[in-house]
Protein chains: 2
Amino acid sequence: MTADIVSGVTQPPPRPRKRSATRSVTLSDVAAASGVSAQTVSRVVRDPLSVSDETRARVQAALTATGYVPNLAASNLASNRSRTVAALVPQINASVFADTVHAFSTALAAHGYQIFVGTTDYRPEHEEEVLRSFLGRRPDGLLMVGTRHTPGTLTLLGAAGVPVVETWGWSEDPVDLLVGFSNAAAAAAMVGHLVERGRRRITFAGRHTSGDPRAAERLDGYTRAVRDLLGSEPRTVDAGPEPVTMDTGVALLDLALERHPDSDAVMFSSDVFAAGALQACVRRGIDVPGTLALAGFGDFELARHLVPALTTVAVPSARIGELSAELLLMRMRGAPVDVPHRDVGYRVVAREST
Amino acid sequence: MTADIVSGVTQPPPRPRKRSATRSVTLSDVAAASGVSAQTVSRVVRDPLSVSDETRARVQAALTATGYVPNLAASNLASNRSRTVAALVPQINASVFADTVHAFSTALAAHGYQIFVGTTDYRPEHEEEVLRSFLGRRPDGLLMVGTRHTPGTLTLLGAAGVPVVETWGWSEDPVDLLVGFSNAAAAAAMVGHLVERGRRRITFAGRHTSGDPRAAERLDGYTRAVRDLLGSEPRTVDAGPEPVTMDTGVALLDLALERHPDSDAVMFSSDVFAAGALQACVRRGIDVPGTLALAGFGDFELARHLVPALTTVAVPSARIGELSAELLLMRMRGAPVDVPHRDVGYRVVAREST
DNA sequence: GACCCTGTTGTTAGCGCTATCGGCAGCGCT
DNA sequence: AGCGCTGCCGATAGCGCTAACAACAGGGTC
């Protein structure tokens with residue numbers, strides 16, 4: 001509009017640009033209200049002790065008076081740190097992973113990190129997509145359930161250069177950190193237990209062909225153990241892409257009884273399946289463990305309450321979350337991690353159902 | 001731009017500032033690689049059709065060649081939209097809420113939103129803290145479980161000016177959107193069912209004094225119904241701050257039998273409690289429903305599998321998530337929401353345990 | 001030819017915050 | 001007085017992206 005004459009040169013008229021300005025309180029608002037610079041307010045927010053008592057008090061008063069809420073996006077951008085950690089799990093509503101995530105989240109929240117949870121719905125190709133969208137947030141760390149990944153996932157992880165913990169499995173060649181146990185060994189141990197209880201015709205029932213690598217690993221362990229201990233061929237039934245529900249467990253039981261009618265034990269890849277099957281047996285009057293022994297995996301709370309109580313493999317879900325948080329914190333701080341791969345083990349819990 | 005002599009005034013020489021530059025690929029990297037401006041690359045990423053076929057192809061090639069992953073923090077800051085929605089739930093590992101969150105998340109992910117989940121651990125004061133940290137991300141929308149909030153929470157919500165859906169309850173005076181049902185009415189309906197089945201000495205067992213407003217509302221509904229239908233005083237037992245587990249359910253059963261030994265029915269504030277109690281009865285040889293009727297709340301999958309199958313109140317958890325997403329999407333788009341408060345109802349599911 | 005479209009691309013100026021450096025006072029020591 | 005140090009605070013320049021506008025070509029209309 002008005003072209004002013006400044007130092008003899010015509011300045012281009014500064015056009016006012018409109019932005020849909022955020023309606024919220026900014027650092028400079030607080031700065032103005034307390035008579036200091038924005039930088040000082042930022043210091044009060046992030047490291048109060050680096051500011052004199054007097055100034056701090058004044059700024060803090062202004063902080064509460066204005067109701068300032070920091071804009072983390074701006075903070076991330078400026079500091080190149082997001083104070084965010086992403087967790088990639090197959091399902092939130094699967095309680096085992098929920099326990100891990102809960103412990104992980106609690107431990108990290110204590111250090112000022114927020115946790116993003118993403119679900120892959122047991123679809124490996126989905127993992128890549130979710131990961132990509134998460135990396136857009138530039139997380140400072142990453143937790144993943146599983147140790148098997150697509151090449152695309154590995155490329156993304158490599159390019160991102162973010163600390164990663166893989167969990168719930170075991171690998172000879174982890175991406176970075178690893179907190180887990182051998183699903184195969186755990187399943188083999190369960191076979192050992194069943195054999196010890198005199199079972200000889202053990203069937204494995206799970207969802208091992210449709211995107212659950214952990215179930216597949218358990219199947220491997222089962223297969224090897226059956227061959228080693230009993231010298232017999234594996235007998236398996238598969239749930240395909242069916243969801244991990246008690247209904248599916250009942251269906252698996254039916255399948256097992258149909259395909260392998262001489263089974264004297266069925267071990268499931270999850271307590272959820274086993275619980276469904278167990279209740280179905282009770283309802284039908286199939287004697288457990290007299291006629292048929294049943295075993296699960298995971299040691300959900302449910303397992304010990306059922307009648308008969310369910311034999312299962314206990315896995316320290318919450319411990320996995322805690323330990324993952326611990327290792328990740330060290331790595332994010334740049335501290336050396338002495339033992340980056342931790343085996344948390346498993347435990348066969350013998351109960352009434354076998 | 002450069003420091004030259006402008007209008008006879010010597011400009012101070014610009015010192016080069018060092019920043020710990022992000023190692024990752026930026027828009028301008030891609031722009032340079034494909035010979036267009038950064039803005040055009042941005043357009044290709046966000047709205048491919050606004051760019052000519054030829055340019056788009058070239059840019060997309062560069063995009064995959066460089067492995068570009070957008071920095072969402074920068075995007076948020078510039079556009080003042082985060083494409084993020086936050087969900088505040090009491091617990092992730094409580095499967096009912098997990099179903100809601102899952103449905104919510106799935107519905108919104110389809111529209112490009114990412115979901116932050118935060119847990120309050122059934123502590124209202126914690127809600128405020130979590131909310132504050134979430135608002136730092138400037139979410140475009142918010143889902144909250146519950147309709148009762150602290151004044152501090154309400155202030156935060158008001159100042160933030162973000163669309164909000166309250167869920168899992170009912171309120172005469174919602175903050176904004178509301179997708180839920182009356183917990184009180186649902187509990188009353190359960191009392192009605194029990195009375196219909198001939199029960200007269202009904203005990204309510206729950207966790208209603210320690211930060212679970214929904215359990216408290218159910219208690220209210222129970223109390224009113226008992227007075228109205230039976231003209232008797234309420235009999236209740238409380239779990240205090242104990243977690244919502246089957247163990248606690250057993251403890252509640254013990255408490256009920258001790259305090260109100262003449263009870264002919266116990267209704268629990270959650271299926272988890274009821275399931276624990278039910279299995280304890282089976283184990284102890286207490287005839288259900290002969291001696292004692294048991295009822296839960298939530299209609300978890302477990303309920304219909306138990307023997308005897310558990311009578312409960314079915315609540316459309318997933319539907320709540322879906323509908324919330326729907327309403328929130330409309331509001332976030334700025335579209336008018338015709339019916340901003342939706343009652344999704346409940347349903348008493350009579351099974352063998354009563 | 002003047003005019004107004006439409007479609008496509010580039011330019012500019014931030015969004016709100018923090019890293020980095022500079023400045024200045026106050027102190028202790030030589 | 002001179003020096004260095006520490007504690008505190010402010011000024012400046014971005015972080016990587018997008019909104020808003022500018023620019024321009026090509027086409028049609030009158």
Side-chain angles (χ1 to χ4, degrees), chain A residues 12-32 34-59 63 66 68-83 135-138, chain B residues 1 3 11-32 34-59 66 68-83 135-138:
Chain A
R15 266 168 288 86
R17 295 246 174 170
K18 271 156 297 174
R19 277 262 172 156
S20 57
T22 315
R23 257 289 107 306
S24 59
V25 183
T26 71
L27 268 192
S28 7
D29 294 335
V30 180
S34 49
V36 297
S37 73
Q39 181 57 233
T40 299
V41 179
S42 169
R43 275 191 271 255
V44 171
V45 172
R46 288 179 301 148
D47 182 14
L49 294 183
S50 70
V51 165
S52 72
D53 293 357
E54 188 196 2
T55 309
R56 184 179 344 114
R58 204 143 37 90
V59 172
L63 240 21
T66 53
Y68 174 72
V69 176
N71 184 326
L72 266 23
S75 170
N76 297 356
L77 190 57
S79 68
N80 197 26
R81 303 187 50 222
S82 65
R83 293 218 148 259
L135 288 179
R137 304 259 162 214
R138 300 292 187 270
Chain B
M1 196 138 211
Q11 300 288 318
R15 269 167 285 88
R17 297 246 173 169
K18 272 157 298 176
R19 278 261 173 154
S20 59
T22 315
R23 240 358 344 23
S24 59
V25 183
T26 71
L27 269 190
S28 8
D29 293 336
V30 181
S34 49
V36 298
S37 74
Q39 181 60 237
T40 299
V41 179
S42 170
R43 278 191 268 256
V44 171
V45 172
R46 289 180 300 148
D47 182 16
L49 294 183
S50 70
V51 165
S52 72
D53 293 358
E54 187 196 3
T55 309
R56 182 175 349 111
R58 205 142 38 88
V59 171
T66 54
Y68 174 73
V69 176
N71 185 326
L72 266 22
S75 170
N76 297 354
L77 189 57
S79 67
N80 197 24
R81 305 187 49 222
S82 65
R83 293 217 147 260
L135 288 179
R137 305 260 162 214
R138 301 287 188 274

Spacing of [X] atom [atom1] relative to [N] atom [atom2], expressed in whole Å:
X: Arg81(A); N: dG16(D); atom1: CZ; atom2: P; answer: 16 Å
X: Asn71(B); N: dC17(C); atom1: CG; atom2: C1'; answer: 13 Å
X: Arg137(B); N: dG16(C); atom1: CZ; atom2: C1'; answer: 14 Å
X: Leu27(A); N: dG16(C); atom1: CG; atom2: P; answer: 10 Å
X: Arg58(A); N: dC9(D); atom1: CZ; atom2: C1'; answer: 11 Å
X: Leu77(B); N: dG14(C); atom1: CG; atom2: P; answer: 14 Å
X: Asp29(B); N: dG16(D); atom1: CG; atom2: P; answer: 9 Å
X: Asn76(B); N: dC17(C); atom1: CG; atom2: P; answer: 13 Å

Item to check | Pairing residues for Ser34(A) by the side chain to side chain donor-acceptor pair (under 3.5 Å) criterion, not counting sequence neighbours | outcome: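 Testing Ser34(A) for side chain to side chain donor-acceptor pair (under 3.5 Å), a comparison that skips the adjacent residues, returns none.
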Item to check | Partner set under side chain to side chain donor-acceptor pair (under 3.5 Å) for Ser37(A), not counting sequence neighbours | outcome: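 Ser37(A): side chain to side chain donor-acceptor pair (under 3.5 Å) contacts with Thr40(A).
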Checklist entry - OP1, OP2 of dG10(D) versus side-chain N and O of Thr40(A): anything below 4.0 Å? => result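 So the side chain of Thr40(A) is within the cut-off, an N or O lying under 4.0 Å from OP1 or OP2 of dG10(D).
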Checklist entry - Would a 4.5 Å heavy-atom cut-off, applied to side chains only, mark Thr66(A) and Asp29(A) as touching? => result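 Answer no - side chains too far apart.
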Checklist entry - Do Val59(B) and Val51(B) have side chains that get closer than 4.5 Å, going by heavy atoms? => result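 Result no, sub-4.5 Å side-chain heavy-atom pair not found.
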Would you mind telling me which of [options] lies closest to the side-chain atoms of [X]?
X: Ser79(A); options: dA19(C), dA11(D), dG16(C); result: dA19(C)
X: Gln39(A); options: dG14(C), dG10(C), dA19(C); result: dA19(C)
X: Val36(B); options: dG16(C), dG10(C), dC15(C); result: dG10(C)
X: Ser37(A); options: dT18(C), dG16(C), dA11(D); result: dA11(D)

Item to check | DNA chain D contacts made by residues 42-57 of chain A, counting heavy atoms under 4.0 Å | outcome: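 Result for residues 42-57 of chain A: Arg43(A), Val51(A), Ser52(A), Thr55(A), sorted by number.
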Item to check | Residues which pass salt bridge (Lys or Arg N to Asp or Glu O under 4.0 Å) with Asp47(B), listed by chain and number, not counting sequence neighbours | outcome: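 So Asp47(B) forms no salt bridge (Lys or Arg N to Asp or Glu O under 4.0 Å) with any residue.
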Checklist entry - Residues two or more places apart in sequence or in another chain: which of them pass salt bridge (Lys or Arg N to Asp or Glu O under 4.0 Å) with Arg43(B)? => result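 With sequence neighbours excluded, Arg43(B) shows a salt bridge (Lys or Arg N to Asp or Glu O under 4.0 Å) to no residue whatsoever.
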Looking at [atom1] of [X] and [atom2] of [Y], how far apart are the two atoms once the value is rounded to the nearest 0.5 Å?
X: Leu72(B); Y: Arg83(B); atom1: CG; atom2: CZ; result: 10.0 Å
X: Arg56(A); Y: Leu63(A); atom1: CZ; atom2: CG; result: 12.5 Å
X: Asn80(A); Y: Ser24(B); atom1: CG; atom2: OG; result: 7.5 Å

Checklist entry - Axis-to-axis angle across the helix from dG1(C)-dC30(D) to dT30(C)-dA1(D), five pairs an end, to 10 degrees? => result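 The two end axes of the helix from dG1(C)-dC30(D) to dT30(C)-dA1(D) meet at 40°.
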Next on the checklist: Taking the nucleotide of DNA chain C with the nearest heavy atom to each, does Gly35(B) or Ala74(B) sit closer to the 5' end?
Outcome noted: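 Here Gly35(B) is the residue nearer the 5' end.
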